[in-house]
Peer 1: 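The following block contains the structure, expressed as structure tokens.
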Amino acid sequence: MIRNVLSIAGSDPSGGAGIQADLKAFSARGVYGMAVLTALTAQNTQGVTGVHLVPPAFVADQINAVFADVRVDAVKIGMIANAGIAEAVAGALADQRSIPIVIDPVMIAKGGAALLAPEAVDVLTRRLLPLATLLTPNLPEAAALLHQPVATNRAEMAAQAEQLRALGPAAVLVKGGHLDSEESPDVLAAADGLHWFEARRVPTKNTHGTGCTLSSALAAELAKGASAEEAVAIAKDYLAGAVAAAGSLTVGSGHGPVQHFHALWKAAG
């Protein structure tokens with residue numbers, strides 16, 4: 001049975017991040033993708049120049065319409081933008097605790113633009129984190145959620161992952177891409193302890209949408225029945241291939257997108 005996965009996130013008209021990246025990752029991982037829009041952005045590979053938010057009530061209407069008609073096997077939550085949208089999403093998903101929910105706390109764009117209002121952090125922490133099967137912050141996002149300095153080593157990463165899990169998520173994956181090292185380790189804090197996932201850095205500037213892509217791949221694997229540890233291993237391997245093949249695309253002059261269909265298009269070629 002092909003699984004159905006819903007993304008609740010913002011739009012990226014250049015196609016590298018947000019809803020567009022989520023739908024590509026869903027398709028690449030063999031699940032049927034659906035999308036609820038929380039925001040329209042004006043952005044490209046060089047940065048975000050504008051954001052137009054969807055009214056919270058209409059965000060809830062979109063979610064309710066999907067659940068009223070379609071079997072949803074997993075949910076990925078990305079950009080929620082402000083407290084009102086966070087409340088609307090939490091309310092609409094309050095009765096959906098039986099399905100996996102992956103939260104990628106989109107807070108700052110790669111170019112530095114703020115994508116989450118400060119007052120929304122409390123709502124995200126209080127209302128949405130307890131719903132999460134898996135939370136996937138990078139180092140700055142983990143620090144912002146905990147109101148702490150950004151982790152600079154593995155010990156601090158592990159400590160913050162466990163502190164975030166204490167806020168309600170069943171598991172937390174803290175991504176180490178911002179570490180100042182040749183390695184890019186991630187740590188998963190789950191009920192059975194800590195699990196480390198190692199990776200070498202790929203020398204490329206084309207990393208636009210990596211967080212969106214990873215969290216969507218995770219949601220796809222959880223929908224198919226994988227455990228959190230299994231899903232992370234599969235999704236990281238998929239993302240590594242997408243980043244390694246990013247140079248085959250010629251999209252924009254800034255941080256280009258990853259190649260979501262690296263396996264499929266290689267086979268087709």
Side-chain angles (χ1 to χ4, degrees), residues 7-29 33 35 37-54 76-82 104-118 136-144 150 174-184 186 199-218 235-266 269:
S7 172
I8 303 171
S11 168
D12 171 11
S14 71
I19 287 289
Q20 288 82 349
D22 297 345
L23 292 175
K24 291 173 185 177
F26 291 159
S27 296
R29 298 310 308 160
L37 285 171
T38 59
L40 306 178
T41 70
Q43 68 172 295
N44 52 32
T45 64
Q46 298 182 58
V48 178
T49 57
V51 177
H52 182 74
L53 302 183
V54 176
K76 173 263 173 81
I77 301 173
M79 179 181 177
I80 55 172
N82 65 23
D104 179 26
V106 177
M107 304 174 82
I108 302 172
K110 195 170 298 293
L115 298 178
L116 183 68
T136 65
N138 60 30
L139 296 187
E141 291 163 348
V150 176
V174 173
K175 301 173 294 187
H178 287 78
L179 282 181
D180 185 16
S181 70
E182 293 184 359
E183 303 293 326
S184 181
D186 299 344
R200 297 284 296 179
R201 292 189 185 277
V202 177
T204 178
K205 69 173 183 177
N206 297 322
T207 56
H208 184 51
T210 50
C212 305
T213 299
L214 179 65
S215 56
S216 295
L218 288 167
K236 279 185 63 67
D237 183 65
Y238 162 69
L239 179 61
V243 173
S248 65
L249 301 174
T250 52
V251 181
S253 57
H255 293 285
V258 302
Q259 175 31 321
H260 293 88
F261 300 112
H262 57 92
L264 177 64
W265 290 4
K266 182 191 298 183

Peer 1: Which atoms form the tightest heavy-atom contact between Ser11 and Gln20, and what is the distance?
Peer 2: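 Looking at all heavy atoms of both residues, the closest pair is OG-NE2, 3.0 Å.
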Peer 1: What distance do Ser215 atom OG and Ile77 atom CD1 have between them, rounded to the nearest 0.5 Å?
Peer 2: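 One finds 10.5 Å between OG of Ser215 and CD1 of Ile77.
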Peer 1: How far apart are the closest heavy atoms of Asp22 and Ala9, and which atoms are they?
Peer 2: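 That would be OD2-CB, 3.8 Å.
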Peer 1: How far does OG1 of Thr41 sit from CG of Leu53, to the nearest 0.5 angstrom?
Peer 2: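 One gets 10.5 Å once the value is rounded to the nearest 0.5 Å.
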Peer 1: So, applying side chain to side chain contact (heavy atoms under 4.5 Å, CB included) with Met79, which one of Val51, Asp104, Asp12, Ile8 is it?
Peer 2: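 Output: one option passes, namely Val51.
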Peer 1: Should Gln46 and Ser253 be marked as a side chain to side chain donor-acceptor pair (under 3.5 Å) after you check the CA-CA gap, both sets of side-chain angles, and the distance that decides it?
Peer 2: CA-CA 7 Å; Gln46 298 182 58; Ser253 57; 3.2 Å; yes
Peer 1: Please walk me through it: do Leu218 and Thr136 pass side chain to side chain contact (heavy atoms under 4.5 Å, CB included)?
Peer 2: CA-CA 10 Å; Leu218 288 167; Thr136 65; 3.7 Å; yes
Peer 1: Calculate, to the nearest 0.5 Å, the distance between atoms NE2 and OG1 belonging to His255 and Thr210 respectively.
Peer 2: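 Spacing of NE2 (His255) from OG1 (Thr210) equals 10.5 Å.
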Peer 1: Of all heavy-atom pairs between His262 and Tyr238, which one has the smallest distance, and what is that distance?
Peer 2: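 Smallest interatomic distance, heavy atoms only, reads NE2-O, 3.2 Å.
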Peer 1: Output, in order, the C-alpha distance, side-chain angles, deciding distance and verdict of side chain to side chain contact (heavy atoms under 4.5 Å, CB included) for Asn206 and Leu249.
Peer 2: CA-CA 9 Å; Asn206 297 322; Leu249 301 174; over 6 Å; no
Peer 1: Considering non-hydrogen atoms only, spot the tightest contact between Val251 and Pro257 and give its length.
Peer 2: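 Heavy atoms only, the tightest pair is CB-CD, 3.6 Å.
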Peer 1: Nearest 0.5 Å, what's the CG-NE2 distance between Leu239 and His260?
Peer 2: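 So the gap between those two atoms works out to 8.0 Å.
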Peer 1: Answer yes or no: is there a side-chain heavy-atom contact under 4.5 Å between Lys175 and Leu214?
Peer 2: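 A side-chain contact under 4.5 Å exists here.
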Peer 1: Locate the shortest heavy-atom distance separating Ser216 from Lys76; write the atom from each residue and the value.
Peer 2: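 Nearest heavy atoms, Ser216 then Lys76: OG-NZ, 3.4 Å.
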Peer 1: Return the minimal non-hydrogen interatomic distance between Gly15 and Lys24, and the atom names on each side.
Peer 2: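 Minimum heavy-atom contact is O-NZ, 2.9 Å.
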